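Some notes on the structure that comes next.
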There are 2 protein chains.
Amino acid sequence: MRARLLEATVELLVERGFAGTSTTLVSERAGVSRGAQLHHFPTKNDLVVAAVEHLTERRGAELAAAVAELPAGGRRTRAVVEMLGDHFSSPVFAAALELWVAARTDAELLAAVGPLEQRVGREAHRMTVAALGADESRPGVRELVQATLDLVRGLGLASTITDDSARRRRILREWADVLDKELAPCRSPR
Amino acid sequence: MRARLLEATVELLVERGFAGTSTTLVSERAGVSRGAQLHHFPTKNDLVVAAVEHLTERRGAELAAAVAELPAGGRRTRAVVEMLGDHFSSPVFAAALELWVAARTDAELLAAVGPLEQRVGREAHRMTVAALGADESRPGVRELVQATLDLVRGLGLASTITDDSARRRRILREWADVLDKELAPCRSPR
DNA sequence: GAACAAAAAGTCAGGCTTGACTGTTTGTTT
DNA sequence: AAACAAACAGTCAAGCCTGACTTTTTGTTC
């Protein structure tokens, strides 16, 4: 029942945004009575904060699953960045974005979302480093991985109102080529 | 008077977000009566759409001013990307972000914000190409400039809830070095 | 089997926001 | 100078959202 409420909350975040996600709508969508909802989550903030955590777990699981299915061979870097690009253009990202923006002007929400997102960010970083087989001990490598994640975040933001996947693919392909050159373990390119 | 209303709208977008920007607050902040406001902007959407246009002009002007003040010499690429990074971490970006996210789930708003943001994006692209002195006829260069803009957008998004400017600088510095290598006109690095 | 606690269901009032309506001032034209 | 139009000012009712309160059902323990 908790799960149903959280799922409904995430759905409504994607469809109607944070402001459009009223607690009444959530209880209706989840098929849960208003009283039951208020029993589990006394206030809207409680509900949404719990939804953040739920969402975080889903994001982590989806990322891990996507990494596991990566092809081993040749164009691995391209596959990794395309996977990241897809992930950060998914509805899951849209829901997270709603929370992110809402938290910017809501101190209570920020206190809950901030640390969580930081944790997810670190995990995504670890995963990406592992997936790319990058050597973080080399100077600059860590920054380029971070840049990759910030890039897909920016692309994801753009995709929420203009979904130009062809443009995204071209950019990520070029980025992957740059990464391949910069991350190559031998023959320092500098 | 229109200008005061629009300024107040932008301020409130930054401070309280889209949902927190009520028309009543705007009229109070602008020192304009409710009736006067409704005379100029019959609905909230009218007001906010006009604010988008106003904001767009300000963004354009700020970008142009920043470009004009760039040092000519040595580390020009670094200066350009740092300038972009600063710009996309400013309150102006926060206001635009609010509108962006609100437009995602509001068709009427999307119709107004979409084309506008596209125009601004193109202009930013042209400016960046000019500032970097990039040769867009070479394959991949265009994509790398786009990637740079999407990267700063992603960094700006991150900065709205966690303003880690040191991290941003490190990342942009590294990226600037990569850009210098990739955009160098002679000796194709591929 | 009865009693008690916890979960779920329904109702409702208070507060806020929006936009419509009516009155007042200012400026321009004849 | 008068009349008319446009901008401006204030008020208000309808609608929605939130969260508190009351009642009913379910499950567990004695």
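Remember, predicted model here, so these are calculated numbers, not experimental data. A note on names: the letters A, B, ... follow the listed sequences, proteins ahead of strands, and every chain is numbered from 1.
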In whole angstroms, how far is the P atom of dA6(D) from the NE2 atom of His40(B)? 13 Å

Any salt bridge linking Glu143(B) with Arg168(A)? Criterion: basic side-chain nitrogen under 4.0 Å from a carboxylate oxygen. no

So which nucleotide from dT18(D), dG19(C), dC8(D) ends up closest to the side chain of Lys44(A)? dT18(D)

Of all the nucleotides listed (dG10(C), dC8(D), dA20(C)), which has the minimum atom distance to the side chain of Ala36(B)? dC8(D)

Expressed in angstrom and rounded to an integer, what is the separation of Phe41(A) atom CZ from dC17(D) atom P? 20 Å

Mind calculating the distance between CG (Leu38(A)) and P (dT24(D)) to the nearest angstrom? 19 Å

Over all strands shown, is Thr23(B) touching base, sugar-phosphate only, or nothing at heavy-atom distances under 4.0 angstrom? sugar-phosphate

Within this structure, what is the CZ-to-P distance between Arg2(B) and dA6(D), rounded to whole angstrom? 17 Å

So that I can tick it off, tell me whether Arg138(A) and Asp135(A) are bridged by a salt bridge, with the cut-off set at under 4.0 angstrom between side-chain N and carboxylate O. no

May I ask you to check whether Arg2(B) and His54(B) show a side-chain donor-acceptor distance below 3.5 Å? no

Nearest listed nucleotide, side chain of Arg34(A), among dT18(D), dA8(C), dT18(C): dT18(D)

I need the CD-C1' distance between Glu28(B) and dT18(C), as an integer number of Å. 14 Å

Pick base, sugar-phosphate or nothing for Ser22(A), based on heavy-atom distances below 4.0 Å to the nucleic acid. sugar-phosphate

Taking OP1 and OP2 of dC8(D), is either one under 4.0 Å from a side-chain nitrogen or oxygen of His39(B)? no

How close or far is atom P of dT18(D) from atom CG of Leu12(A), stated in whole angstroms? 11 Å

Rounded to whole Å, please give me the gap between CG in Asn45(B) and C1' in dG19(C). 13 Å

Any Lys/Arg nitrogen of Arg58(A) or Glu7(A) sitting under 4.0 Å from an Asp/Glu carboxylate oxygen of the other? yes

Is the distance from OP1 or OP2 of dA9(D) to the nearest side-chain N or O of Ser33(B) less than 4.0 Å? yes

Between Phe88(B) and Arg59(B), is there a cation-pi geometry (under 6.0 Å to ring centre, at most 45° from the normal)? yes

Starting from P on dT18(C), measure out to CD on Gln37(B) and report it in whole angstrom. 9 Å

